[in-house]
Amino acid sequence: MTVSAGAVAVAQRLRDGMAGGVLSFPLTGFRDDGTLDPDGYRAYVAERLAAAPGAVFPACGTGEFFSLDEDEYRQVVTITVEEAAGRVPVVAGTGYGWAQAVRFARIAEDAGADALLVLPHYLVAAPQDGLVAQLEQITARTPLPLIAYQRGQVAFTADSLRRIAALPNVIGLKDGHSDLDRLQRLTLAAPEDFLFFNGASTAEIQARAYATVGVPAYSSAVHAFAPEIAGAFFTALRDNDHGTVDKLLRDFYVPLVELRDRVPGYAVSLVKAAARLRGHRVGPVRAPLTDPSPADLAALTALLTAGLDLVGASL
């Protein structure tokens, strides 16, 4: 892994953060008319940071990166950096084709982000050489450390993982495929100090399984609306309290996933609706996502109330 001294420092901060808390992916706040709500977002992200995440990842999938223009993206990343104030690393999302990814990367750099999460490219499938070339083009044009994200049409082989790990300032991989056979091969192929984390939807469901192949760190969508639940699960998992882990999975996380799977896009829409139920000023989702139906919102309310009760909190 070819990294600068700055990238080494960022990687170490991320490693330390992953050991001490979940990775937070904040929602981007919109007004009812669909415009960005900077003040609402600032208040919301400040509350996420107060819940002690290991790192914060603005303008990524949960933050609806795909719906933001460049000025909105700049505001979101800048606000996050200001609120984090150096307490935890700020890893901004970037993506689409490499030329657009570089435009967003430069905005994130100007805003003070510590690193970038490279989201899967848009629309087309690509061979392994193309997946590697995508990251080559980005690393050649930004000094920020990069974390690759494999999900959807992006899935690295062990050989490709070795190649991207050798690129300047590529420091890690977020996995959203949950193919533990493939993931084990990737961890064995990677340099010892390469970062891995579980980025599956509702990652807690598979957190124990990921840990068995050496990937205990994970992102938590639940932290975006119920850090009390996310924190209780993280602590129980860390302490091998399998009874508490099983109870939270059985009575909250599994029903949440079943509700999430009813409608495409609910992985974001339900999270945003739950945050609104908690009183956060995050607003609606942007098209092509849709907000939950009244029936699904009622089911979410009941589930969130029960989940919070499990950890001694309330709606």
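This structure is a prediction, so every number in the text was calculated from the model and none was measured.
The backbone N or O of E136 sits less than 3.5 Å from a side-chain atom of T139, completing a donor-acceptor pair. Using modelled atom types, no side-chain atom of Q137 and backbone atom of W98 make a donor-acceptor pair closer than 3.5 Å. Within the 3.5 Å criterion, the main-chain N or O of F66 finds a donor-acceptor partner in the side chain of Y96. Under the 3.5 Å distance criterion, the side-chain polar atoms of D239 are left unmatched by any main-chain donor or acceptor of D241. Here the side chain of H177 pairs a donor or acceptor atom with the backbone of V154 at under 3.5 angstrom. Side-chain N or O atoms of R182 include one that pairs as donor or acceptor with a backbone N or O of F156 at under 3.5 Å. A donor-acceptor distance shorter than 3.5 angstrom exists from the side chain of Q153 to the backbone of H121, with no hydrogens or angles considered. The main-chain N or O of F225 is found under 3.5 Å from a side-chain atom of R278 such that the two form a donor-acceptor pair. Judged by distance alone, with hydrogens and angles left aside, the side-chain atoms of N169 form a donor-acceptor pair with the main-chain N or O of P143 at under 3.5 Å. In terms of modelled atom types and a separation under 3.5 Å, the side chain of E82 and the main chain of V77 share no donor-acceptor contact.
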Next item on the list: Take V91 and V56, measure what side-chain contact (heavy atoms from CB on, under 4.5 Å) needs, and give me the verdict at the end.
Entry: CA-CA 6 Å; V91 184; V56 60; over 6 Å; no

Margin query: One pair to check against side-chain hydrogen bond (donor to acceptor under 3.5 Å, both in side chains): R151 and S178. What are the steps and the verdict?
Written below: CA-CA 9 Å; R151 191 187 187 98; S178 304; over 6 Å; no

Next item on the list: Go through the steps for L249 and F233 under the test side-chain contact (heavy atoms from CB on, under 4.5 Å), then give the verdict.
Entry: CA-CA 9 Å; L249 288 173; F233 184 91; 3.7 Å; yes

Next item on the list: Evaluate side-chain hydrogen bond (donor to acceptor under 3.5 Å, both in side chains) for Q184 paired with T187, printing each intermediate quantity in order.
Entry: CA-CA 5 Å; Q184 183 70 90; T187 62; 2.9 Å; yes

Notebook entry, point to check: Where do V222 and L256 land on the side-chain contact (heavy atoms from CB on, under 4.5 Å) test, with the steps shown first?
Noted result: CA-CA 10 Å; V222 171; L256 179 65; 3.9 Å; yes

Next item on the list: Show your working on salt bridge (Lys or Arg N to Asp or Glu O under 4.0 Å) between D129 and R163 and close with a plain yes or no.
Entry: CA-CA 10 Å; D129 285 348; R163 292 168 65 190; 2.9 Å; yes

Check: Would T235 and R238 count as a side-chain contact (heavy atoms from CB on, under 4.5 Å) if you check the C-alpha gap in whole Å, the side-chain angles of each, and the deciding distance to 0.1 Å?
Finding: CA-CA 5 Å; T235 299; R238 181 196 62 197; 3.4 Å; yes

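At least one side-chain heavy atom of L315 sits under 4.5 Å from a side-chain heavy atom of L304. Counting only heavy atoms from C-beta outward, the side chains of L277 and L297 approach each other to under 4.5 Å. Between R15 and D193 the shortest side-chain heavy-atom distance falls below 4.5 Å. Side-chain contact check for L117 versus F57: some heavy-atom pair is nearer than 4.5 Å. Side-chain contact check for R260 versus V257: some heavy-atom pair is nearer than 4.5 Å. Contact check for Q150 versus P120: no side-chain heavy atoms found under the 4.5 Å cut-off. Taking the side chain as every heavy atom from C-beta outward, F30 and S67 approach each other to under 4.5 Å. Using a 4.5 Å heavy-atom threshold, the side chains of I229 and H223 count as separate.
For the residue pair D175 / Y149, no side-chain donor-acceptor distance below 3.5 Å is found, with atom types taken as modelled. With 3.5 Å as the limit, one finds no donor-acceptor pair spanning the side chains of T94 and Y73. Judged purely by distance below 3.5 Å, without hydrogens or angles, the side chains of T290 and Y266 never pair a donor atom with an acceptor atom. A donor-acceptor contact closer than 3.5 angstrom is absent between the side chains of R103 and Q100. Using modelled atom types, one finds a donor on one side chain and an acceptor on the other under 3.5 Å when comparing D33 with T35. A donor-acceptor pair shorter than 3.5 Å cannot be found between the side chains of T78 and R74.
Here the CG-CG distance, from L183 to N198, works out to 8.5 Å after rounding to the nearest 0.5 Å. Atoms OG1 and CZ, from T202 and F252 in turn, are 8.5 Å apart once rounded to the nearest 0.5 Å. A distance of 6.0 Å separates CG in L195 from CD1 in I147, rounded to the nearest 0.5 Å. The line from CG of L300 to CG of L270 is 5.5 Å long, rounded to the nearest 0.5 Å. Interatomic distance, CG of L161 versus CG of L188, reported as 10.0 Å (0.5 Å rounding). Distance check, rounded to the nearest 0.5 Å: CD of E109 to CG of D114 gives 11.5 Å.
Aromatic ring pairs are classed by plane angle as parallel below 30°, tilted from 30° to 60° and perpendicular above 60°; the pair Y41 and Y44 is tilted. Relative orientation of the F197 and F25 rings is tilted, given thresholds of 30° and 60° on the angle between their planes.
A salt bridge links D291 to R276: at least one charged side-chain nitrogen sits closer than 4.0 Å to a carboxylate oxygen. Look at D110 and R106 and you find no salt bridge, because none of the NZ, NE, NH1 or NH2 atoms lies under 4.0 Å from a carboxylate O. A salt bridge links R286 with E72: at least one charged nitrogen is closer than 4.0 Å to a carboxylate oxygen.
Every residue meeting the side chain to side chain contact (heavy atoms under 4.5 Å, CB included) condition with Q75, not counting sequence neighbours, appears here in chain and number order: L36, P38, D71. Residues passing the salt bridge (charged side-chain N to carboxylate O under 4.0 Å, His left out) test with R208 are D246, sequence neighbours excluded.
In this structure, R13 places its CZ atom where more than 12 heavy-atom neighbours from other residues, nucleotides or ligands lie under 6.0 Å away.
Of all heavy-atom pairs between S24 and P53, the closest is CB-CB, 3.6 Å. Shown here for V81 and A113, the closest heavy-atom pair between the two residues is CG2-N, 3.8 Å. Across every non-hydrogen atom of A92 and C60, the tightest pair is C-SG, 4.3 Å. When all heavy atoms are compared, the tightest approach of P58 to T80 is CB-OG1, 3.4 Å. In terms of heavy-atom proximity, Y210 sits nearest to A200 at OH-CB, 4.2 Å. Nearest heavy-atom pair, G63 versus T28, reported as atom, atom and distance to 0.1 Å: O-OG1, 2.6 Å.
For the side chain to side chain donor-acceptor pair (under 3.5 Å) condition, the pairs that include at least one residue of residues 47-64, sequence neighbours left out, are R48-H280, E64-K272.
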